[in-house]
Protein chains: 2
Amino acid sequence: MSATTIRDIAVALGVTPSTVSRALSGNPYVKESTRAAILKKARELGYERNVMASNLRKGTTNIVGIIVPRINREFFGNVISGAEAVFSEAGYSVVICQTHERLEDEKAALKVLAGEQVAGIMISHSSETVSGEHILDAIGESVKLVQFDRVIEGLPGSIVINDDFKGAYTATKHLIDNGYKRIGALVGFMDTILFKRRYEGYAAALADAGMPLDPDIVYENTILRENGYESTVKAIAAGCDAIYSSGDFSALGALECALKHGLKVPEDFGIVGTANETFTSLVSPRMSSVDQHPFEMGRSSASAMIRLLSGETQGEEILIGTTLVTRQSSTR
Amino acid sequence: MSATTIRDIAVALGVTPSTVSRALSGNPYVKESTRAAILKKARELGYERNVMASNLRKGTTNIVGIIVPRINREFFGNVISGAEAVFSEAGYSVVICQTHERLEDEKAALKVLAGEQVAGIMISHSSETVSGEHILDAIGESVKLVQFDRVIEGLPGSIVINDDFKGAYTATKHLIDNGYKRIGALVGFMDTILFKRRYEGYAAALADAGMPLDPDIVYENTILRENGYESTVKAIAAGCDAIYSSGDFSALGALECALKHGLKVPEDFGIVGTANETFTSLVSPRMSSVDQHPFEMGRSSASAMIRLLSGETQGEEILIGTTLVTRQSSTR
DNA sequence: TTTCTCCCTGCAAACGTTTGCTGGAAAGGG
DNA sequence: CCCTTTCCAGCAAACGTTTGCAGGGAGAAA
């Protein structure tokens with residue numbers, strides 16, 4: 001009942017396990033007729049290579065670890081989905097760990113993956129993570145690293161991030177093009193690269209249109225729905241007729257606030273969010289949002305990892321484009 | 001530079017690798033002083049057990065495979081998240097595969113996981129899957145199986161499903177209690193156990209309240225937003241003043257339809273959906289929905305798997321409770 | 001014919017752990 | 001003091017694969 005091994009194939013054909021191994025792994029020093037016979041017999045016996053034994057001998061695995069703050073978040077779910085598709089296509093298995101936004105858990109996950117002898121690690125850091133030393137400690141010389149979305153500078157390997165500047169720029173310009181005159185901004189934490197770049201994109205779009213950048217209508221640390229609502233109260237009081245938001249939840253708060261204040265969206269008030277969460281197309285009026293192509297980010301990250309593993313590159317920085325999805329909330 | 005092995009520890013202390021192995025794995029036949037010395041030295045040398053070698057020797061891994069239609073779906077994302085938490089706590093690694101609702105991919109995933117020598121497989125079937133023979137083929141005698149949510153009968157191992165009957169019953173009763181008189185139902189595919197049970201719950205609630213079950217206002221194969229809209233057009237024409245839906249997307253369609261027809265929700269028309277997707281609390285009016293506790297389902301499935309692996313049980317059937325989350329759309 | 005290549009295949013040693021068996025030493029019982 | 005039991009540790013054989021080295025056979029060149 002035990003699984004068939006290369007030895008079984010070998011004795012069945014009167015050759016040695018070495019030859020079978022070579023035939024199966026595509027070694028050129030095997031006569032074509034021998035190889036054919038071996039492949040045939042292997043199929044016949046339902047042979048499946050024992051990955052553990054193979055890996056043990058070769059000292060490396062075909063497992064890639066993915067570490068994210070939370071699996072059950074739309075963005076990360078999509079990234080993982082895209083990555084998994086590419087990895088499985090390329091013959092890699094994916095093991096997944098979540099950090100729950102905690103540095104402790106991130107360290108633990110790294111340890112687990114190191115123990116699992118993974119070939120590489122794809123990671124998006126927890127919000128508690130600020131330096132990358134624990135990463136250097138955990139991964140040896142040989143484990144490849146790809147950071148995506150939330151990245152830390154100064155680490156080896158590749159980086160995959162969104163073109164946040166351009167996304168924000170396009171969104172803001174879209175509002176300007178639709179005739180909105182005073183556009184407020186709901187932005188996140190300015191010490192995070194990602195949010196900073198979005199703010200810069202917003203500012204650049206205003207500048208290019210010859211519109212003033214008024215710090216009074218830029219609301220920082222505004223990422224939750226409640227924050228968005230509160231900040232928009234102030235924005236409306238300050239005479240804004242539109243909001244660019246670097247998140248969808250805060251944009252939703254803005255939408256609710258505007259409607260509550262008797263403003264018609266998009267006639268009186270325009271809104272564009274970021275992330276293109278599913279709900280943006282389900283609320284009414286349907287909300288415009290900057291799509292970050294998380295699935296594509298996953299695919300690209302996986303490809304980058306594969307290039308790293310094949311030695312094709314030592315590290316690269318990849319920018320994933322964004323797409324502004326215009327819906328009712330900003331189009332008049 | 002190569003990692004330290006038990007042999008390194010052994011020679012450093014003048015004992016044999018056997019003793020070190022036993023000490024590290026908690027074998028009682030090791031003198032306490034010896035064990036202490038070994039543990040100390042192991043820490044000192046930064047020893048990490050080589051999982052591949054260990055698994056090869058033991059013929060089993062500490063990896064559990066999870067197969068789902070799509071990782072990036074809210075429900076499955078949450079299930080996986082819950083399962084991963086339990087598994088990693090118990091020292092198991094999780095590798096994830098997605099089938100994209102295709103039977104072909106499901107077979108491929110099973111093959112990959114079998115090759116990876118997983119200890120167990122947690123699966124929720126693709127929509128194309130109707131029989132379980134490919135499962136029996138793929139998993140050997142020793143691989144444990146836990147099916148969740150979408151299950152097939154006649155397979156070994158454990159099953160974890162929602163209490164669909166009760167969820168639908170409670171939702172329908174809630175509508176009745178709120179004074180709705182003619183309650184239509186949007187149901188899914190009646191050849192799927194899950195949808196069938198929901199339909200039965202709906203019917204039972206009506207029966208218990210002495211209300212007639214009118215087949216004319218039960219709309220099958222209605223799971224998408226568009227279907228929900230169309231079916232609700234008919235339901236309104238048929239004099240319904242409420243809708244129980246076995247999905248949230250179709251419920252959303254119903255909501256949009258009612259509003260479009262100038263009906264006030266919940267005053268004129270009541271709606272309850274199923275799954276408690278994030279967007280249900282984001283639309284207006286906020287939508288009532290049956291929460292299926294996917295996170296809990298993940299946790300329970302993982303626990304069931306661990307019990308299976310420890311031999312504590314041969315198979316069990318676990319029912320995850322549901323909770324009706326009442327929001328504006330059904331409460332008057 | 002001899003010698004030199006070039007293919008192909010076999011031999012055997014790894015990779016790092018685990019574990020059945022064996023046996024010595026200590027402890028306990030009579 | 002001897003015999004039995006218990007405790008602890010070593011020996012060596014696995015687990016299934018890969019791979020460096022060696023060697024046999026066939027053909028070609030000399």
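What you see below is based on every heavy atom in this structure, not just the backbone, and it leaves out hydrogens, waters and symmetry mates. So that the names make sense, note that chain A is the first sequence line, chain B the second, and so on, each numbered from 1.
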Value in whole Å for how far the [atom2] atom of [N] lies from [atom1] of [X]:
{"X": "B/M52", "N": "D/dC15", "atom1": "CE", "atom2": "P", "result": "19 Å"}
{"X": "A/I6", "N": "D/dG16", "atom1": "CD1", "atom2": "C1'", "result": "6 Å"}
{"X": "A/N55", "N": "C/dT17", "atom1": "CG", "atom2": "P", "result": "15 Å"}
{"X": "B/K31", "N": "D/dC8", "atom1": "NZ", "atom2": "C1'", "result": "8 Å"}
{"X": "A/I9", "N": "D/dG16", "atom1": "CD1", "atom2": "P", "result": "13 Å"}
{"X": "A/R7", "N": "D/dC15", "atom1": "CZ", "atom2": "C1'", "result": "12 Å"}
{"X": "B/N62", "N": "C/dT17", "atom1": "CG", "atom2": "P", "result": "14 Å"}
{"X": "A/N50", "N": "C/dT17", "atom1": "CG", "atom2": "P", "result": "17 Å"}

Could you tell me whether B/R299 and B/E89 make a salt bridge, using a distance below 4.0 angstrom between a side-chain N and a carboxylate O?
no
Looking at B/E101 and B/R150, does any basic side-chain N land under 4.0 Å from a carboxylate oxygen?
yes
Using a cut-off of 4.0 Å on non-hydrogen atoms, how would the nucleic acid contact of [X] be classed: base, sugar-phosphate, or nothing?
{"X": "A/S25", "result": "nothing"}
{"X": "A/S18", "result": "base"}
{"X": "B/S21", "result": "base"}
{"X": "A/R49", "result": "sugar-phosphate"}

Please give me the minimum heavy-atom distance between B/A83 and B/I66, naming the atom from each residue.
CB-CD1, 4.1 Å
Distance alone, cut at 3.5 Å: any donor-acceptor contact between the side chains of A/T61 and A/E116?
no
Given C/dG10, is OP1 or OP2 found less than 4.0 Å from the side-chain N or O atoms of A/T16?
yes
Verify the contact: side-chain N or O of A/Y29 to OP1 or OP2 of D/dC21, cut-off strictly under 4.0 Å; return yes or no.
no
Of B/T19 and A/E48, the one whose closest nucleotide on DNA chain D sits nearer the 5' end is B/T19
Considering heavy-atom distances to DNA chain D, does B/R22 or B/L56 have its closest nucleotide positioned more toward the 5' end?
B/R22
Look at atom CZ of B/R73 and say whether more than 12 heavy atoms of other residues, nucleotides or ligands are closer to it than 6.0 Å.
yes
